Amino acid sequence: MKFSLSTKVMLIYGSVLLVIITLTFGLSYTGTVGKLGNDLNDTNLALLKQVDQKIEVAFRQTEKDLLTLMNELEFVYFMYDSYMDEGQRYSNFYGLNTKLRNFINTNPQFSSIFVYSSVSDHMLTDKAYMKDAPLVHNWLDDYLDMPEYFKWLTTHQVWDGNGNQDVITLMRSYPAISSPGYRKGMVAVNINEKVIYDMVNAVYEDSNMGHMFIIDRDGNIVTHDDKTQIYRNIKELPHIKSVLAKQGSGTFTGELDGVRQSIFYRDSNYTGWKLISIVPESQIYEPIRVTRNLLIALAGGMILLALVVLFYVSRWTFKPLQQLVGKMSGTYTFNQTEEHTDVGLTYLERVFDQLLLDREHLQQHVRDSKPVLKWRIMMDMLVGYRTDYLAVLHHLEFVGVHLFPDRFLVCTAEVNKEGIVLGSQDETLYTYAFCNVAEELINVENAGIAIDVGGGRAAVILSFAEGDAEQNHLRALAIMELIIDMMKKQFDLVVTVGVGRGYSEMKDIPKSYDESQKALHYKMVFGQHSVISIEDLQPLDSQDYYRLIRMADRITDALKITDLVKLQEYVHETFCEAIDRNLSPDLIRQLSFDLIIKSVQSVGSTGIDQKESMSQLENIYELINRSGNLREMERIVFQFLEVLATQIKAKRSQRGSNETIERILLYIGDHFHENDLSLDRLAQEFHLSSTYISKQFKEYTESNFIDYLIGIRMNASQKHLAAKDMKVNEISEAVGYQNTRSFLRTFKKYTGMTPIEYRNQSQAGDKNESGTHYD
């Protein structure tokens with residue numbers, strides 16, 4: 001039998017098509033059913049993970065809130081049973097009880113709180129006060145010698161002054177970081193078992209399959225959807241034995257009550273509890289059976305459709321394709337004079353041309369839409385719609401934006417022209433100019449993005465590669481000061497900037513944005529063309545302990561320059577100040593440990609291995625706890641810092657000199673009093689790029705340019721203040737600040753004191769050179 005060319009091609013095409021469809025649906029069936037089974041298991045494990053994360057977040061927040069409450073002064077008096085008279089005792093009890101009630105009222109998930117002093121054997125709750133509490137109620141004393149600083153107790157009954165409740169309890173030692181034998185009492189926060197169950201139920205609210213419950217390491221039930229199981233120990237059940245013997249998360253099958261069940265489990269890294277979900281297999285694999293039937297039906301439909309396409313549609317489309325093949329091979333000549341000319345090829349060519357044109361239009365559209373996409377991404381971050389850095393990273397890279405994965409801070413800027421009401425077009429133009437200038441200056445040493453948010457306002461997100469929140473806050477203030485000065489010089493614009501606090505995670509960007517807007521509202525108080533920090537709106541903490549912690553900055557500065565004389569002097573003065581302020585021995589021990597921790601963290605920029613230094617902290621902590629007097633405590637702290645200084649010297653001795661940076665440092669020393677000193681100016685002066693200078697400066701000085709410049713200016717201002725012959729505004733101008741308020745804010749953050757306080761302290765030091773001594 002002789003077949004035409006089109007018939008042969010259709011037969012070959014049809015055979016190949018049927019084989020492909022058959023293989024495709026065969027593989028799809030096998031892969032889909034198997035994958036669905038894995039996906040169903042992964043979904044159940046993911047639900048357990050979600051429950052675990054939800055409980056961990058709630059428990060960690062409980063621990064954080066409790067630590068904040070334990071810092072209150074009333075806790076110190078109560079735990080140490082230290083009162084001048086009975087009036088102070090009752091006043092302190094009333095104040096502490098009020099704070100306990102407020103703590104419970106503001107945290108609805110808490111059912112009660114217990115505070116127990118082992119010194120007085122008194123117990124206080126938000127509802128009752130028990131003096132010399134009887135053993136039946138004084139259950140906190142049993143945990144004084146627990147090896148951990150905190151511990152979560154499984155479900156048990158607690159009497160809170162009104163009745164018994166089924167609760168899960170967070171036990172916390174006092175002081176917060178103390179070993180057995182050094183503790184003065186215990187604090188317990190109780191969470192009703194129903195609260196934990198509601199967290200579980202919220203995740204499984206759309207599912208009616210099986211049972212979900214939590215047990216501890218000993219097999220005791222923490223919470224269960226069947227309340228009759230509470231307080232039951234089920235470790236002897238065969239499937240529970242298997243769960244307790246396994247680690248991590250996973251699944252296995254077993255037969256329970258004659259029914260085949262799938263058992264999913266997960267270990268909580270935070271509490272050590274086991275989260276268990278038991279679901280009948282018949283309910284789990286029901287979607288797989290439905291999917292299997294749908295795949296079979298779909299395969300049959302596709303084969304039927306393929307036959308229709310093969311024998312009908314292919315006949316209509318083959319001829320234009322044959323003409324295209326003929327034209328490409330050079331064997332086909334299109335004759336437009338023929339009466340029955342087929343225009344299918346011409347149409348196909350026009351389609352190809354249109355495809356190419358559409359591709360060019362699409363590329364142009366993508367380029368034009370990048371600014372809009374950039375605006376949309378940043379607005380989503382500002383309002384909290386995008387909180388996962390890894391999820392948004394590829395979008396940022398697509399629009400050409402670089403941000404570090406943590407340490408974020410937001411500023412809000414308002415652009416005006418003095419004496420002129422700007423129109424909407426002018427506002428947009430000037431705000432666009434501000435955004436370009438801001439991004440150019442920010443990205444020299446850090447990373448950032450700026451957009452127009454309308455109404456002559458711009459929002460700026462900054463991110464930093466290193467430094468704590470306070471350091472980055474100072475950097476942001478310095479950068480914003482430079483930006484508004486440049487906008488004034490180049491465009492004669494009045495720019496007011498509000499600066500929020502720095503946060504470590506992207507999810508907290510909306511908080512910083514709200515704070516920056518709040519700070520910007522104070523432009524009527526602080527004036528326009530200024531940088532207003534959220535810190536300017538709140539008074540500093542005046543507690544004696546935190547004042548002493550601020551003195552650690554100069555200790556870390558002396559450590560970085562390895563000046564052992566200054567280092568010993570500053571450590572000595574800090575301990576003398578602690579004595580003068582009548583700090584308790586426990587607080588002075590805590591101060592010693594905080595000085596060491598802060599010093600270890602500060603030398604990370606010098607190249608010292610922090611892990612090696614941190615490994616010695618446990619021994620240092622024990623030495624401090626066992627020290628019998630303050631002189632010994634001071635000696636331990638100084639000796640540890642002396643070892644760090646020796647390591648820094650050895651590290652620096654391995655580095656070579658850098659003549660260019662040394663010349664730049666000399667230039668900074670001669671010109672730091674000029675307010676326009678910046679990396680761009682250094683780049684022009686030394687004919688180098690600002691990025692190169694920033695990198696070399698960081699490697700050579702172990703500090704970035706802005707931090708180094710702030711330090712030079714603050715040291716110079718301290719010398720002027722000690723001289724006593726210049727006013728504060730004159731000193732501000734003499735060290736390179738046009739805005740006196742910016743100088744005051746920076747000086748306060750750098751030294752922990754206002755310029756007037758520093759001058760008064762300097763004068764007092766001149767009158768009494770002997771200092772404070774102790775045995």
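Quick caveat: nothing in here was measured; it's all calculated off a predicted structure.
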Heavy-atom pair with the smallest gap, counting every atom of [X] and [Y]:
{"X": "Ala683", "Y": "Leu688", "answer": "CB-O, 2.9 Å"}
{"X": "Leu45", "Y": "Tyr265", "answer": "CD2-O, 3.9 Å"}
{"X": "Ala519", "Y": "Ile534", "answer": "CB-N, 3.9 Å"}
{"X": "Ala458", "Y": "Thr431", "answer": "CB-CG2, 3.7 Å"}
{"X": "Ser268", "Y": "Thr271", "answer": "OG-OG1, 3.1 Å"}
{"X": "Gly502", "Y": "Ala469", "answer": "O-CB, 3.8 Å"}

Quick one: side-chain contact (heavy atoms from CB on, under 4.5 Å) partners of [X], sequence neighbours excluded?
{"X": "Arg60", "value": "Glu56, Tyr270"}
{"X": "Glu397", "value": "Leu393"}
{"X": "Lys370", "value": "Phe398"}
{"X": "Gln738", "value": "Asp485, Asn675"}

Any Lys/Arg nitrogen of [X] or [Y] sitting under 4.0 Å from an Asp/Glu carboxylate oxygen of the other?
{"X": "Lys518", "Y": "Asp514", "result": "no"}
{"X": "Glu505", "Y": "Lys511", "result": "no"}
{"X": "Glu481", "Y": "Arg745", "result": "yes"}
{"X": "Glu674", "Y": "Arg681", "result": "yes"}
{"X": "Asp52", "Y": "Lys49", "result": "no"}

What residues, two or more places apart in sequence or in another chain, satisfy side chain to side chain donor-acceptor pair (under 3.5 Å) together with [X]?
{"X": "Gln61", "value": "Asp65"}
{"X": "Asn446", "value": "none"}
{"X": "Arg713", "value": "none"}
{"X": "Glu439", "value": "Lys374"}

Are any side-chain N or O atoms of [X] and backbone N or O atoms of [Y], one a donor and one an acceptor, separated by less than 3.5 Å?
{"X": "Ser463", "Y": "Phe404", "answer": "yes"}
{"X": "Asn472", "Y": "Leu409", "answer": "no"}
{"X": "Thr496", "Y": "His529", "answer": "yes"}
{"X": "Ser512", "Y": "Asp508", "answer": "no"}
{"X": "Tyr385", "Y": "Met379", "answer": "no"}
{"X": "Asp267", "Y": "Asn269", "answer": "no"}
{"X": "Trp375", "Y": "Asp452", "answer": "yes"}
{"X": "Gln53", "Y": "Gln50", "answer": "no"}

Answer whether the closest heavy-atom distance between the side chains of [X] and [Y] falls below 4.5 Å.
{"X": "Lys54", "Y": "Val200", "result": "no"}
{"X": "Asp380", "Y": "Ile377", "result": "no"}
{"X": "Arg376", "Y": "Met381", "result": "no"}
{"X": "Leu520", "Y": "Glu414", "result": "yes"}
{"X": "Asn416", "Y": "Val421", "result": "no"}
{"X": "Phe705", "Y": "Ile668", "result": "yes"}
{"X": "Val383", "Y": "Pro510", "result": "no"}
{"X": "Leu682", "Y": "Ser690", "result": "no"}

Can you check side chain to side chain contact (heavy atoms under 4.5 Å, CB included) on Glu418 and Lys488, steps first, answer last? CA-CA 10 Å; Glu418 193 167 3; Lys488 183 68 175 178; 3.7 Å; yes
Go through the side-chain N and O atoms of His473 and Ser533 and say whether any donor and acceptor fall under 3.5 Å apart. yes
For residues Arg457 and Thr412, is any side-chain donor paired with an opposing acceptor at under 3.5 Å? no
Would you find more than 12 non-hydrogen atoms of other residues, nucleotides or ligands less than 6.0 Å from Tyr432 atom OH? no
Within a radius of less than 6.0 Å around NZ of Lys489, do more than 12 heavy atoms belonging to other residues, nucleotides or ligands occur? yes
Drop me the distance from His671's NE2 to Asp676's CG, to the nearest 0.5 angstrom. 10.5 Å
To the nearest 0.5 Å, how far apart are OG1 in Thr251 and CG in Asp42? 10.0 Å
Not counting sequence neighbours, which residues clear ring-ring contact (aromatic ring centres under 6.0 Å, His included) with His395? List them please. none
Mind checking what makes ring-ring contact (aromatic ring centres under 6.0 Å, His included) contact with Tyr737, not counting sequence neighbours? Phe743
So among Val497, Ile479, Val499, Ile442, which one has a side chain to side chain contact (heavy atoms under 4.5 Å, CB included) with Val460? Ile442
Pick out which of Ile661, Thr691, Thr660 makes a side chain to side chain contact (heavy atoms under 4.5 Å, CB included) with Gln696. Ile661
Where at least one partner belongs to residues 402-411, residue pairs that pass side-chain hydrogen bond (donor to acceptor under 3.5 Å, both in side chains), sequence neighbours excluded: none
Strictly by side-chain hydrogen bond (donor to acceptor under 3.5 Å, both in side chains), give each pair with a member in residues 421-430 just once, sequence neighbours left out. none
Walk me through whether Phe434 and Leu493 qualify under side chain to side chain contact (heavy atoms under 4.5 Å, CB included). CA-CA 10 Å; Phe434 171 85; Leu493 290 176; over 6 Å; no
Is there a side chain to side chain donor-acceptor pair (under 3.5 Å) between Tyr503 and Glu515 once you walk through the steps? CA-CA 12 Å; Tyr503 293 93; Glu515 290 169 352; 2.6 Å; yes
Pair Tyr708 + Phe697: ring centers closer than 6.0 Å: yes
Kindly state whether the ring of Phe408 and the ring of Phe464 have centres lying under 6.0 angstrom apart. no
Which is it for Val437 and Glu440 under the side chain to side chain contact (heavy atoms under 4.5 Å, CB included) test, yes or no, and what are the steps along the way? CA-CA 5 Å; Val437 171; Glu440 180 179 354; 5.6 Å; no
